[in-house]
Structure formats: C-alpha cells, structure tokens
Amino acid sequence: MVTFKFPMSMLLLFLLLNIFLCLAEVLYLPVTKDASTLQYITEVSQRTPLIPIKLLVHLGGRSLWVDCDEGFKSSTFKPGVCNSTQCTYSNPNKCGDCTWKPKLQPGCNNNSCYIWGENPLIDWFDDSAEIADDVLVIGSTPGVRVTWPRYIFACFISRNMVRLLANGVTGIAGFGHESPISIPNQLALDPRFTRKFGICLSSSTRSSGVIFIGSDPYYVYNPKKIDISKDISYTKLITNKFGFTVSEEYYIQVSSIRIAGKDVPLNKTLLSINKKDGVGGTRISTATPFTILHTSIYDAFKTAFIKALPKNVTLVEPPMKQFGLCFSSKNIKSTNVGPDVPVIDVVLHRPSAFWRIYGSNSVIQVGKNVLCLAFVRQDQQGEPSIVMGGHQLEENLLVFDLPRKKIGFSSSLKLQQTSCSKYDNNILD
C-alpha cells in the first residue's frame, strides 16, 4: 500500500481552502428599471428601526450614500469621529466641525470626517459627505441576506445631491473599484464574499434584474437552471489615473467598432485615455440610459449603420430630440434577439474579443412602426469618448472581477431563451 505524507503547512492550506469554499456564497440584489426616468434602482434596509431605502445603482460610485437632510432617525447611527478607524479606513478628504446647519444632526456633526460624494445624473461632486455607520440589511432570495451592524456609508445634507433622482430614491449605491467603502469592497470583508460581482439588468420595467455579489456561478432559469457566467469574454479593466486622482469608474479598451462585419472609420486617438487629464476612452455606466458617442464617432457610426440597413427601410424624422437616427420598422423582421438590424461589434483588446450588440440593445421602439438607433450624439469635451449606457447592458451579464482587474461580457441572454429577470425560480414571468 502506498501512503502519502503532506507537510503540515499544505494540510492546513487544504483545510482552509475547503472552509473558504464552503463559506463562499452569492448575494442577490434586485434591480428595477424606473419607467419614467429609465434609472436602475435597488433597495436595502437601513437604520434602527429598519426602513427600506431606494438607491440609484452607480457603477462608479465610491460609497453607499443617503440623503440625511430631512427625517433621518436611527438609534444606531454613529458619525465618524476624526481619526477613528472608520474614518481612516474611508480615506476622507477632510475632517472638522459642521457649520452649515443651525444645529447638529446626522450629516452635520462636530469632529467628523468627510469624503467626496457624487450624483452622476447632474455631474455634481460635493466634499461634505459625512462618514457614518449604521445597521444595513442587504440581499434577497435566492441568495443570502446579510445584516451588517456597522456598515460604513456617507450621509449628505445637500439638497442638490438628490436632484433628478427618480421618485422615492434617496441616495446612491456605489460600486466603484478603488474605494474601500464601495459596496463590493466593503461586503468582501465578509469571508463569504469576494471582490467580484455581476450585473444583469432587465429590459422590463415590470420585472427586476439582479446584481450578483460574490464569486460565480451566477444562475438564471429558462426554466432549466443555467450558469450564465460560464461563457464570458474578458477584457482588462483600465484604471483611469491622472495626477493624484484615480477614477472609481470602469473603463475598457475599445480598439474599433464593427457594423455588419465592417470597421467603422474612427479617429482612434479618441479611443484612448489622455493620461494628462483623464479624458477620452470608453466607460461603462449604469447612470446613462443610452450609449453616448463623441460627435465624430457618432457621425461615422450613424453613416455606417444607415449603409448596413436593408435598402427597403425608410428613414424618418426622429420624433424625439435625443435620437439622431430613426427609421420605419415595417420592413424589419423580428428575431429572438430583437429587430433584425445590423449587428454591432464593440471590439476590445484584440479583433477576436468583442461585445456583440443585437437589435434588442441597439435600437428602441419610440412609436408605432418607428425604431431609433439607441446611441446618442454628444460633445464629449472633458469626458470619455464613449459611455456605454444602460440600454446596451440590458439582458447581458457583465462580470466585474476586481482582484484580477478584468471585466467579462456575455452576449444577449435572449440567445439562451432566458432573461436577467429569471434569477429566482419562484418569480418567473
């Protein structure tokens, strides 16, 4: 009989690995699409006693922040005291006393620390987000539900910060990759989770999509249970660093765009980030409803798309100002991945690595027999050249692997006869 002797260190490592694998779980965070604003909204419970809090999902947000200006009541609220562990951990930008309210309240305390906060809908930053901690309950079925007794968040009393948020939304759920107090980074302090998450947005305003927090597999049903994280193409997460600033936003390298298999003639210098000022490149955003293209990119993109349309398709005057190209759908066939329009490939770090966009994600119906190209033209001066928006993300799985600094893309889940809303077998449409 042959026997094997393992060094004690190897045996200990093996046991720890098995414990870790047993602990590994996935937290499911439902995400709804607001019908009037097209914003993607999630909900957590916070405070003592617990109350539900609606938050805008912001990929590039550095924290979970809430509006503390009116009606914030909690017996477990604790402001971050200067030089405390929670303050130091949060990388504050300043520390001091609050002087902008007549009396102290949550969001305005003396000897407190503050971080920058942002509202991506109005491109507004504020340096007076008070660091605090309180009870947080996050997650739903079929995954785990976590109660966090002292979850670190930011507390705002600036009314400007809640402008343009959907009705009932009182803060931001930030998923930034650098900040230690972003949702994925803070939850990863729990050994059950990792610094990895997947976003699967539903195209429907009647059913929820989901954010998976923790290591894959990520399951949906069709009605059979399938792992949608299985067939994923990965590309490098590009860190946008300029000066002393590191952006929390998620950038990817786009090398070209193909429409119906043909390269769109682009000024490729726009596809790279300018290291001096952080301008240019391609960012992924859950706070932008439709993909924004730099003016020169859009013009070439629009021309190429028109050329690739069937000859019997009639162009029509856009009924909505934001869209620059609309056409009749009378001669457009329907497929399982939406209207049969030219396929768009966003080519990544090499020609064989691309994110394919079908009709359900490239066009939108805006009226009877009228489709519009769901990409918008904007002077992107001082901004990324391309901002991939929510409509293009819907019914696709995007995986954000922060330790490995890479982002994965599935193609449309409609190819697998399923949807982002079918993550729970008990709530199938």
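Just the heavy atoms: all of them, side chains too, but no hydrogens, waters or symmetry mates, feed the values below.
Under the ring-ring contact (aromatic ring centres under 6.0 Å, His included) criterion, Phe354 pairs with no residue at all, not counting sequence neighbours.
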| task | Please test Glu25 against Val146 for side chain to side chain contact (heavy atoms under 4.5 Å, CB included), starting from the C-alpha separation and ending with a verdict. | result | CA-CA 11 Å; Glu25 295 190 63; Val146 173; over 6 Å; no
| task | Might you work through the ring pair (Phe, Tyr, Trp, His ring centres under 6.0 Å) test for Phe290 and Phe323, ending with a clear yes or no? | result | CA-CA 10 Å; Phe290 304 103; Phe323 300 118; 5.1 Å; yes
| request: Check the pair Lys196 / Val399 against side chain to side chain contact (heavy atoms under 4.5 Å, CB included), numbers first and verdict last. | output: CA-CA 7 Å; Lys196 187 174 184 178; Val399 178; 3.6 Å; yes
| request: Applying side chain to side chain contact (heavy atoms under 4.5 Å, CB included), run through Leu415 and Tyr358 and close with a yes or a no. | output: CA-CA 10 Å; Leu415 292 168; Tyr358 294 95; 3.8 Å; yes
| request: Apply side chain to side chain contact (heavy atoms under 4.5 Å, CB included) to Phe305 and Ile344, showing your working. | output: CA-CA 9 Å; Phe305 194 87; Ile344 298 166; 4.2 Å; yes
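No side-chain donor-acceptor contact under 3.5 Å links Asp345 to the backbone of Val347. Between the side chain of Gln392 and the backbone N or O of Ala374 there is at least one donor-acceptor pair closer than 3.5 Å. In this structure a side-chain-to-backbone donor-acceptor pair under 3.5 Å is missing from Trp65 to Asn119. Side-chain atoms of Glu248 come within 3.5 Å of backbone atoms of Ser179 as a donor-acceptor pair (strictly under, hydrogens ignored). In this structure, Thr286 contributes its side chain and Leu59 its backbone to a donor-acceptor pair below 3.5 Å. In this structure, Ser255 contributes its side chain and Leu348 its backbone to a donor-acceptor pair below 3.5 Å. For Ser45 (side chain) and Leu50 (main-chain N/O), no donor-acceptor pair under 3.5 Å exists by modelled atom type. With hydrogens and angles ignored, the 3.5 Å screen pairs no side-chain donor or acceptor of Asp227 with any backbone N or O of Tyr219. Using modelled atom types, one side-chain atom of Thr194 and one backbone atom of Ser215 make a donor-acceptor pair closer than 3.5 Å. For the pair Arg195 (side chain) and Asn185 (backbone), a donor-acceptor distance under 3.5 Å is absent.
Remark: Lys94 qualifies as a cation-pi partner of Tyr114 under the 6.0 Å distance and 45° angle criteria applied to the six-membered ring.
When every heavy atom of Met161 is checked against every heavy atom of Asp126, the shortest pair comes out as SD-CB, 3.7 Å. Here the shortest heavy-atom pairing between Ile273 and Gly281 reads CG1-CA, 3.9 Å. The two residues Ser328 and Val316 make their nearest non-hydrogen contact at N-CG1, 4.1 Å. Residues Gly198 and Tyr218 approach most closely at N-OH, 3.8 Å, considering heavy atoms. In plain terms, the two heavy atoms of Asn361 and Glu394 that are nearest each other are ND2-O, 2.8 Å. Summarising the geometry of Gln253 relative to Ile238, their closest heavy-atom pair is N-CG1, 3.7 Å, with the distance given to 0.1 Å.
A salt bridge does not link Asp340 to Lys333: none of the charged nitrogens lies less than 4.0 Å from a carboxylate oxygen. For Arg404 and Asp401, the salt-bridge test passes: some basic side-chain N is under 4.0 Å from an acidic carboxylate O.
We find the CD1-CG distance between Ile53 and Asp134 to be 9.5 Å, quoted to the nearest 0.5 Å. Atom OH of Tyr234 and atom CD1 of Ile252 lie 14.0 Å apart (nearest 0.5 Å). Atoms CD1 and CG, from Ile152 and Leu64 in turn, are 11.5 Å apart once rounded to the nearest 0.5 Å. Here the OH-CG distance, from Tyr423 to Leu397, works out to 14.5 Å after rounding to the nearest 0.5 Å. Going from atom CZ of Arg283 over to atom CD1 of Ile386 covers 12.0 Å, rounded to the nearest 0.5 Å. The distance from the CG atom of Leu27 to the CD1 atom of Ile183 is 9.5 Å, given to the nearest 0.5 Å.
Annotation: side chain of Ile297 is in contact with side chain of Leu271 (closest heavy-atom distance under 4.5 Å). Arg62 is listed as a side-chain neighbour of Glu118, based on a closest heavy-atom distance under 4.5 Å. In this structure the side chain of Pro142 reaches within 4.5 angstrom of the side chain of Asp424, judged on heavy atoms. Within the 4.5 Å cutoff, the side chain of Gln417 has heavy atoms near those of the Asn336 side chain. Here the side chains of Ile172 and Leu55 are not in contact, with every heavy-atom distance at 4.5 Å or above. You'll find the side chain of Ile138 stays beyond 4.5 Å of the side chain of Trp148, heavy atoms only. The shortest distance between side-chain heavy atoms of Lys78 and Arg150 falls below 4.5 Å. Considering only heavy atoms from C-beta on, Phe77 comes within 4.5 Å of Cys155 through its side chain.
Residue Lys54 places its NZ atom among 12 or fewer non-hydrogen atoms of other residues, nucleotides or ligands, all under 6.0 Å distant. No more than 12 heavy atoms of other residues, nucleotides or ligands sit less than 6.0 Å from atom CG of Asn167. No more than 12 heavy atoms of other residues, nucleotides or ligands sit less than 6.0 Å from atom NZ of Lys275.
If you run side chain to side chain contact (heavy atoms under 4.5 Å, CB included) between Pro30 and each of Ser202, Ser207, Ser208, only Ser208 comes through. Just one residue in the list Ser419, Ser421, Ser411, Ser412 forms a side-chain hydrogen bond (donor to acceptor under 3.5 Å, both in side chains) with Glu395, and that residue is Ser419. Residue Phe327 forms a side chain to side chain contact (heavy atoms under 4.5 Å, CB included) with just one option from Ile306, Val341, Asn369, and that option is Val341.
Between Phe301 and Phe375, the ring-plane angle classifies as tilted under the 30° and 60° cut-offs.
Side-chain contact annotation: Arg350 with Ser352, donor-acceptor N/O pair under 3.5 Å present. Donor-acceptor pairing under 3.5 Å is lacking for the side chains of Asn267 and Ser296. A donor atom on one side chain and an acceptor atom on the other are not found under 3.5 Å apart for Asn160 and Ser158.
Taking the ring centroids of Phe212 and Tyr28, they lie under the 6.0 Å cut-off.
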